[in-house]
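Structure provided below as structure tokens; questions to follow.
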Number of protein chains: 2
Amino acid sequence: MEDTRSTNCPILFALDIFGDKWSLLIMRDILIRGGKYYKDFLGAGEGISTNILANRLEQLERHGLIVKQLDETNKRRFVYSPTQKGMELVPALMEIIEWSAKYDPDTGTPPWYIERLKTDREALIQEIYDQFQTRE
Amino acid sequence: MEDTRSTNCPILFALDIFGDKWSLLIMRDILIRGGKYYKDFLGAGEGISTNILANRLEQLERHGLIVKQLDETNKRRFVYSPTQKGMELVPALMEIIEWSAKYDPDTGTPPWYIERLKTDREALIQEIYDQFQTRE
DNA sequence: AAGTTTACTTGCAAAATACAAGTAAATATC
DNA sequence: GATATTTACTTGTATTTTGCAAGTAAACTT
């Protein structure tokens, strides 16, 4: 085995930020499904616990992947949106989607989406970026 | 938020297979560092516990990402190698590496590697594939 | 003014992980 | 040929993380 140092390994760096069962699902909710509010994430389907959700949102914000702002149109809630750093996870998400669509016999991803991933990926990713205005 | 069904979500499918702290690090050891044996993974640097490692190798094999074969040159050990399904995680790993190299101020990834990722990705990935002979 | 929505927090049980020690077969060494 | 070492684990227990249920507080609706 090669004599690679494990400190500063980029895979480890990433996993320390979103390498758990829930963080990447929350990023999926925000980036791909357009989720904005706490209840969106709670109701996303996988059944995350409310305490875990609160903890993960805090971590994601602390790591600069998302920002939390008071919703001025309804001050009971906050709007969660991705930062540039968060948005740039989309290409990785796309690779994961392509892999899963290939190997999940019950995949819900439609063929036209996979086709676009293969032939028109840049535009697809750009369309997702365009939905958000970048914030620090 | 869009009315997407969470069943059959490709991100969830993937996370159910390698969405924990260790599985993707093991795949990194195999795919990128050329690790083959139990002790390679134990000594990879992050300090995985031996019981957890045994459990994850079993899961990865059960999900068809790796195969385990007796090493005929030294029958005390087994050779772990990636399947086609496992190898095809490389593109996702590359996206994660690119993301981490950009956002980790202490990244250990050399600039020439990032440059190659951007300008010559296909060949880089192919070189990794070529190191393994495909097995079911 | 009372009820509802929204985003959490808190307490406790259950599950997963980490740590330390032990086992067994194959190989190397004396 | 006996003894030590390597290799890949298993087992037991403490610690940490997660899951579940209930509760809180501020903003908004009725």
Side-chain angles (χ1 to χ4, degrees), chain A residues 1 6 11-12 14-30 33-63 65-82, chain B residues 1 6 11-12 14-30 33-63 65-82:
Chain A
M1 189 146 113
S6 35
I11 303 296
L12 183 63
L15 289 177
D16 280 346
I17 295 175
F18 56 78
D20 67 284
K21 188 177 168 183
W22 295 110
S23 296
L24 211 57
L25 287 179
I26 295 169
M27 293 309 295
R28 171 207 64 182
D29 288 341
I30 293 175
R33 297 186 173 176
K36 290 178 180 174
Y37 312 114
Y38 196 89
K39 69 171 161 55
D40 291 336
F41 312 132
L42 262 190
E46 286 89 6
I48 187 172
S49 295
T50 176
N51 54 346
I52 302 296
L53 175 57
N55 175 264
R56 294 304 185 277
L57 287 170
E58 186 200 318
Q59 281 181 218
L60 290 171
E61 196 190 10
R62 187 158 36 80
H63 283 115
L65 273 63
I66 61 176
V67 284
K68 175 185 182 178
Q69 294 165 286
L70 191 62
D71 183 351
E72 293 297 337
T73 71
N74 182 346
K75 292 184 176 171
R76 281 175 298 192
R77 63 190 185 185
F78 297 90
V79 179
Y80 290 94
S81 49
Chain B
M1 184 144 116
S6 35
I11 303 295
L12 183 63
L15 290 177
D16 281 346
I17 294 174
F18 55 79
D20 67 285
K21 188 177 170 185
W22 297 109
S23 297
L24 211 56
L25 287 178
I26 295 170
M27 292 310 294
R28 170 208 66 182
D29 288 340
I30 293 175
R33 296 187 173 176
K36 291 179 180 172
Y37 312 114
Y38 196 87
K39 68 171 161 60
D40 291 336
F41 313 132
L42 262 191
E46 285 88 7
I48 187 170
S49 296
T50 176
N51 54 345
I52 302 296
L53 175 56
N55 174 264
R56 291 307 184 278
L57 286 170
E58 186 200 318
Q59 281 181 219
L60 289 171
E61 195 188 11
R62 188 157 37 80
H63 283 115
L65 272 65
I66 61 176
V67 285
K68 176 184 183 177
Q69 294 164 283
L70 190 62
D71 183 351
E72 293 297 339
T73 71
N74 183 346
K75 292 184 178 173
R76 282 175 296 192
R77 62 189 185 185
F78 296 90
V79 180
Y80 291 93
S81 50

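By convention in this document, chain letters (A, B, ...) are assigned in the order of the sequence lines, proteins followed by strands, and residues within each chain are numbered from 1. FYI, side chains are in, hydrogens and waters are out, and symmetry mates aren't considered; it's all heavy atoms of this structure. Predicted, not measured: the structure shown is a model, and the values here were computed from it.
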When rounded to whole Å, the CG to P distance for the pair A/Asp71 and C/dC8 reads 12 Å
Would you check, one step at a time, whether the test side-chain contact (heavy atoms from CB on, under 4.5 Å) holds for B/Tyr80 with B/Ile26? CA-CA 10 Å; B/Tyr80 291 93; B/Ile26 295 170; over 6 Å; no
Check the phosphate of D/dG19 against A/Lys21, side-chain N and O only, distance under 4.0 Å to OP1 or OP2. Yes or no? yes
Could you report the tightest heavy-atom contact between A/Lys75 and A/Leu70, atom names first, then the distance? O-CD1, 3.7 Å
A/Val67 and A/Gln69: CA distance, side-chain angles, deciding distance, side-chain contact (heavy atoms from CB on, under 4.5 Å) verdict: CA-CA 7 Å; A/Val67 284; A/Gln69 294 165 286; 4.2 Å; yes
Contact under 4.0 Å: B/Tyr80 side-chain N or O vs D/dT7 OP1/OP2: no
Expressed in angstrom and rounded to an integer, what is the separation of B/Lys36 atom NZ from D/dA8 atom P? 13 Å
Closest to the side chain of B/Phe78, out of C/dA20, D/dA8, C/dT17, is D/dA8
Of B/Ala54 and A/Ser49, the one whose closest DNA chain D nucleotide lies more 5': B/Ala54
Could you work out which one of D/dG12, C/dA7, D/dC28 sits closest to the side chain of A/Lys39? C/dA7
Using a cut-off of less than 4.0 Å, is there contact between a side-chain N or O of A/Lys75 and OP1 or OP2 of D/dT29? no
For the side chain of A/Arg77, counting heavy atoms from C-beta on, which of C/dA7, C/dA18, D/dA8 is nearest? C/dA7
Do the side chains of A/Asp71 and A/Lys36 get close enough for a salt bridge, i.e. N-O under 4.0 angstrom? no
What is the distance from OH of B/Tyr38 to C1' of C/dA26, rounded to the nearest Å? 17 Å
B/Arg56/B/Asp20 salt bridge by N-O under 4.0 Å criterion: yes
Of B/Asn51 and A/Leu42, the one whose nearest nucleotide on DNA chain C sits closer to the 5' end is A/Leu42
Take the protein atom CD1 of A/Ile66 and the nucleotide atom C1' of C/dA7, then report the distance between them rounded to whole Å. 14 Å
Sugar-phosphate only, base, or nothing, as touched by B/Asp20 at under 4.0 Å among non-hydrogen atoms: nothing
Rounded to whole angstroms, how far apart are CD1 on B/Ile52 and P on D/dT13? 17 Å
Whole-Å distance separating the CZ atom of B/Arg76 from the C1' atom of C/dA26: 6 Å
Atom-pair distance (CG on B/Leu70; C1' on D/dT7), nearest Å: 12 Å
Whole angstrom value for the distance that separates P of C/dT10 from CG of A/Leu53: 16 Å
B/Trp22 side chain near C/dA18 phosphate (N/O to OP1/OP2, under 4.0 Å): yes
